[in-house]
Structure formats: C-alpha cells, structure tokens
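Shown next, in structure tokens, is the structure this report addresses.
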2 protein chains.
Amino acid sequence: MTQQKGEFGTEKTREAALAEIANRIFFRLYQSANMMHKTGTRALDEFGVTTQQWAVIGALSRPQAEDGLSVGDLARFLMVSRQNIAGVVTRLEDQGCLERLRDSNDGRSRRIRLSERGRELWRAIRPAIHEYYDEALAGFSFEDRTALLTGLNRLLDNMKRL
Amino acid sequence: MTQQKGEFGTEKTREAALAEIANRIFFRLYQSANMMHKTGTRALDEFGVTTQQWAVIGALSRPQAEDGLSVGDLARFLMVSRQNIAGVVTRLEDQGCLERLRDSNDGRSRRIRLSERGRELWRAIRPAIHEYYDEALAGFSFEDRTALLTGLNRLLDNMKRL
DNA sequence: CGATTTATGTCAATATATTGCCTATATGGG
DNA sequence: CCCATATAGGCAATATATTGACATAAATCG
C-alpha cells in the first residue's frame with residue numbers, strides 16, 4: 001500500500017513513479033498483444049489465417065522442424081498449453097495444411113508436419129507478414145528494435161520463473 | 001522473399017537481419033502476453049480474479065471513473081471490443097463486485113460502477129499486484145522500464161493505424 | 001519382471017477475444 | 001413531427017487460452 005498517502009502529480013516519490021510505470025508497461029503489453037492479434041489476423045484475412053495459426057505454421061516451417069514436431073514440442077516452443085495447441089492443430093489439419101503421423105518409435109506420440117498445401121500457404125503469406133512487420137515497426141531504427149526485443153526477452157525470462 | 005538467397009549466420013544482409021528481429025519481437029510479444037495472463041491470474045488466484053477482470057476493476061477504480069463508465073467507455077479505454085467487455089462485466093456483476101445503473105439521461109446507456117465489495121476487492125489485490133510487478137520487472141532499472149514502455153507505446157501507436 | 005513414475009494426447013469446463021448481425025434509443029434535417 | 005442516420009448494448013458463432021481430469025504408452029526402479 002505504498003501509494004496510500006502518495007500525492008500524485010505534485011510530489012510523487014520514486015517508488016510511486018516506479019509502480020506507475022510498471023502499471024503502464026503491463027497495460028501496454030495487454031493492449032499491444034490484443035492489437036497484434038487483431039491487426040495481424042486482419043492482415044492475413046484473405047488467407048483465412050489467424051496469428052496463432054501463423055505462429056504454428058511458422059514453427060513447423062523451420063528447418064529444425066522438417067521431420068515434424070509433436071504437440072508437446074509445439075507447446076513448449078510457443079509456451080502455451082498442449083490442449084491449446086491441439087485445437088489449433090486440429091483446425092489446420094481440417095484445412096489440409098498439415099498432417100499428423102504416428103511416430104513408429106513412440107506409440108504415444110504423433111509427429112506433426114506441414115503438408116504440401118501448408119508449405120504453399122506459408123510461401124503465400126510470407127510477403128503479407130513481411131509487410132505487416134514493416135508497418136507495425138515503422139520508424140523503429142535498428143537500435144530501437146533490438147532495445148524492444150531485449151526488454152521483452154528480459155520480461156519474459158522473469159515471468160517464466162513465476 | 002528477401003531471405004530466399006540469404007546466407008544465415010555467415011553473411012546476413014541488413015534487411016534479413018531486420019526481418020529476423022521483427023519476427024522475434026512479435027513472437028516475444030505473443031509469448032509475453034500469454035505468460036502475463038497466466039502468471040498474473042495465478043498471482044491473484046486466491047482472490048479468484050483474472051488479469052482482464054483486474055484491468056476492468058483497475059479502470060473503474062480511477063478517480064476519473066468515480067461516477068461510472070459505460071461498456072463503450074471501458075471498451076475504448078482497454079482497446080477491446082464492447083462484446084468482450086460485456087462478458088467480463090457480467091461475470092464481475094454476478095460476483096457482486098460492480099453495479100450497472102441505467103443512465104437517466106440516455107436510455108441506451110448503463111453506467112457501470114464499482115460496488116463497495118468491488119472497492120474492497122481492489123484494496124485487497126493491490127499488494128499482490130505490486131508484488132507481481134516487482135517480480136516481473138526484477139533487475140529492470142528506471143531507464144530500462146521507461147525504454148520498454150516507450151517501445152511498447154510506439155508499437156501500439158503504429159498498430160492502431162493498421 | 002512387476003510397480004511406480006513420467007510423458008503424450010484428449011475430453012470437459014470456463015474465460016477471453018474477435019466479427020457479424022440485431023434491437024432500442026438518440027439526434028438531425030426536411 | 002418524421003424519417004435517416006448514428007450510437008449503445010446484446011445475441012450468436014468461432015477461435016484462443018487456461019486448468020483439471022483421465023486413459024494409455026513408455027521409461028525407470030526395485
């Protein structure tokens with residue numbers, strides 16, 4: 001209750017200022033992520049791809065994922081629950097963008113890979129993604145970008161431990 | 001398709017490096033926001049309050065909102081859809097944390113205010129919120145915090161125009 | 001080799017989020 | 001006064017997200 005007797009606007013203490021800035025950071029994080037999902041999904045509207053599907057397709061298109069990833073692998077990589085990824089994967093599978101293969105080595109696991117259609121979709125949406133990045137980061141210098149990335153990295157590392 | 005012929009790791013072009021950093025920024029934004037909702041809701045678990053409910057209660061606890069806000073006001077302030085806010089408000093109303101009053105001036109509008117129980121809840125959760133901020137931003141200097149806030153502000157402003 | 005633990009995937013319930021569509025109320029010009 | 005338009009809120013459909021609970025398969029330990 002540090003702000004109980006704080007006089008805002010006139011003689012704000014350093015501690016109160018820190019709390020105020022922290023509050024704004026998390027509020028902006030909340031708004032920014034929502035805005036990213038909204039505008040990002042809108043940018044890929046003609047392809048019928050949401051930002052989460054974009055993230056999954058992007059993860060599967062990496063060279064390291066060429067021979068497929070399990071639901072658990074995807075969940076760890078994206079830092080979301082297995083149950084969440086399962087839904088996205090099912091919808092992408094229904095669209096024919098990826099295929100689930102039983103892993104012959106591990107009867108529990110199913111390896112998920114991009115289908116040919118999924119690879120075509122990835123090639124198709126990449127220019128739109130590139131354009132979206134350019135517009136969303138317009139006016140950001142190289143240093144501005146690395147500074148923002150570093151801040152988010154540190155924040156994420158802290159929250160991972162909570 | 002700037003990265004078609006790019007040689008990663010050896011002779012990366014400036015353009016490819018910018019795209020790579022942009023990709024990481026939005027991926028970290030996605031992960032950070034999810035992690036914030038997960039750890040933030042966990043931090044307030046004993047109060048049964050989610051991060052979105054926290055945002056709504058926080059918005060209504062501001063002095064400017066003393067005589068209530070409409071659903072539309074809340075939606076504009078939090079930058080989410082009215083339909084989304086309506087659900088959060090209904091759940092908070094069911095818990096008795098806030099009250100909806102018909103606006104006598106405008107038959108369409110309903111002014112939403114914190115109830116006494118809502119104000120008690122806000123006072124109860126503020127120490128936990130403060131502690132959460134401290135842990136999530138551990139190691140961030142004053143300058144680190146303002147830099148991150150500035151970056152998020154600029155990014156949000158850009159996305160608002162898309 | 002059998003029992004416990006661990007990993008994987010799925011089902012269910014709940015809470016956010018979006019867009020699209022609808023009704024009711026207010027406001028403005030003819 | 002009346003109709004066109006704009007605004008406020010609500011209903012429905014869909015897609016993310018979480019946690020909890022469960023079944024099954026694999027690994028590990030005694």
Side-chain angles (χ1 to χ4, degrees), chain A residues 29-45 47-57 68-76 78-95 97 100-112 159 162, chain B residues 29-45 48-57 68-76 78-95 100-112 159 162:
Chain A
L29 181 58
Y30 168 82
Q31 293 174 310
S32 297
N34 280 341
M35 198 59 77
M36 173 185 68
H37 288 304
K38 185 158 43 179
T39 59
T41 297
R42 199 146 47 198
L44 299 185
D45 190 42
F47 306 101
V49 174
T50 67
T51 47
Q52 291 85 352
Q53 293 170 2
W54 153 10
V56 168
I57 295 173
L69 294 178
S70 69
V71 169
D73 291 334
L74 277 168
R76 276 182 292 272
L78 300 177
M79 294 187 191
V80 293
S81 64
R82 299 190 317 277
Q83 296 91 323
N84 177 14
I85 290 297
V88 181
V89 164
T90 297
R91 283 183 285 274
L92 284 172
E93 193 183 19
D94 290 347
Q95 295 171 30
C97 294
R100 263 191 182 103
L101 302 172
R102 303 198 82 90
D103 189 326
S104 49
N105 290 26
D106 189 337
R108 299 168 298 182
S109 190
R110 285 154 188 73
R111 307 212 71 76
I112 297 157
M159 290 192 292
L162 293 184
Chain B
L29 181 58
Y30 168 82
Q31 291 174 313
S32 297
N34 280 343
M35 198 60 77
M36 173 185 69
H37 288 304
K38 185 158 43 179
T39 58
T41 298
R42 198 144 50 197
L44 299 185
D45 191 41
V49 174
T50 67
T51 46
Q52 291 86 352
Q53 293 171 3
W54 152 10
V56 168
I57 295 173
L69 294 178
S70 69
V71 169
D73 291 335
L74 276 168
R76 275 182 292 272
L78 300 177
M79 293 186 191
V80 295
S81 63
R82 298 189 320 276
Q83 295 91 327
N84 178 15
I85 291 296
V88 181
V89 164
T90 298
R91 282 182 285 274
L92 284 172
E93 192 182 20
D94 291 346
Q95 294 172 28
R100 261 193 184 101
L101 303 172
R102 304 197 81 91
D103 190 325
S104 49
N105 290 25
D106 188 337
R108 298 167 299 182
S109 190
R110 283 153 188 75
R111 307 213 70 78
I112 297 156
M159 289 192 293
L162 293 183

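Chain A is the first sequence line, chain B the second, and so forth, proteins listed ahead of strands; every chain is numbered from 1. In what follows, every heavy atom counts, from backbone to side chain, and hydrogens, waters and symmetry copies are set aside.
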Do the side-chain N or O atoms of A:Ser109 get closer than 4.0 angstrom to the phosphate oxygens (OP1, OP2) of C:dG9?
yes
Please determine whether a side-chain nitrogen or oxygen atom of B:Arg110 lies at a distance below 4.0 Å from atom OP1 or OP2 of C:dA24.
no
Residues two or more places apart in sequence or in another chain: which of them pass side chain to side chain donor-acceptor pair (under 3.5 Å) with B:Arg76?
B:Asp73
Residues two or more places apart in sequence or in another chain: which of them pass side chain to side chain donor-acceptor pair (under 3.5 Å) with A:Thr39?
A:Tyr132
Mind checking if [X] touches a base, just sugar-phosphate, or nothing, with heavy atoms under 4.0 Å?
{"X": "A:Ser70", "result": "sugar-phosphate"}
{"X": "B:Arg111", "result": "nothing"}
{"X": "B:Arg102", "result": "nothing"}

Holding to side chain to side chain contact (heavy atoms under 4.5 Å, CB included), I want the full list of residues that pass it with [X], two or more places apart in sequence or in another chain.
{"X": "A:Glu93", "result": "A:Leu98, A:Arg100"}
{"X": "A:Ser109", "result": "A:Ser70, A:Asp103, A:Asp106, A:Arg111"}
{"X": "A:Arg82", "result": "A:Val71, A:Ala75"}

Any donor-acceptor pair, under 3.5 Å, between the side chain of A:Arg108 and the base of C:dT8, if you only look at N and O atoms?
no
Pairs: protein N or O with nucleotides 2-5 of chain C N or O, under 3.5 Å:
none

What is the distance, rounded to the nearest whole Å, between atom CG of A:Asp106 and atom P of D:dT28?
12 Å
B:Arg100 CZ to D:dG10 C1', in whole Å, measures 10 Å
Are [X] and [Y] side-chain neighbours, meaning at least one heavy-atom pair lies under 4.5 Å?
{"X": "B:Ile112", "Y": "B:Leu69", "answer": "no"}
{"X": "A:His37", "Y": "B:Tyr30", "answer": "yes"}
{"X": "A:Lys38", "Y": "B:Met79", "answer": "no"}

Residues in salt bridge (Lys or Arg N to Asp or Glu O under 4.0 Å) with A:Arg42, at least two apart?
none
Check the interface with nucleotides 15-18 of chain C: list each N/O to N/O pair with the protein under 3.5 Å, or write none.
{"from": "C:dT16", "atom 1": "OP1", "to": "B:Thr50", "atom 2": "OG1", "distance (Å)": "2.2"}
{"from": "C:dT16", "atom 1": "OP2", "to": "B:Gln53", "atom 2": "NE2", "distance (Å)": "3.4"}
{"from": "C:dT16", "atom 1": "OP2", "to": "B:Arg91", "atom 2": "NE", "distance (Å)": "2.5"}
{"from": "C:dT16", "atom 1": "OP2", "to": "B:Arg91", "atom 2": "NH2", "distance (Å)": "3.0"}
{"from": "C:dT16", "atom 1": "O3'", "to": "B:Gln52", "atom 2": "NE2", "distance (Å)": "2.4"}
{"from": "C:dA17", "atom 1": "OP1", "to": "B:Gln52", "atom 2": "NE2", "distance (Å)": "2.8"}
{"from": "C:dA17", "atom 1": "OP2", "to": "A:Tyr30", "atom 2": "OH", "distance (Å)": "3.0"}
{"from": "C:dA17", "atom 1": "OP2", "to": "B:Asn84", "atom 2": "ND2", "distance (Å)": "3.3"}
{"from": "C:dT18", "atom 1": "OP1", "to": "A:Lys38", "atom 2": "NZ", "distance (Å)": "3.4"}
{"from": "C:dT18", "atom 1": "OP2", "to": "B:Ser81", "atom 2": "N", "distance (Å)": "2.7"}
{"from": "C:dT18", "atom 1": "OP2", "to": "B:Ser81", "atom 2": "OG", "distance (Å)": "2.7"}

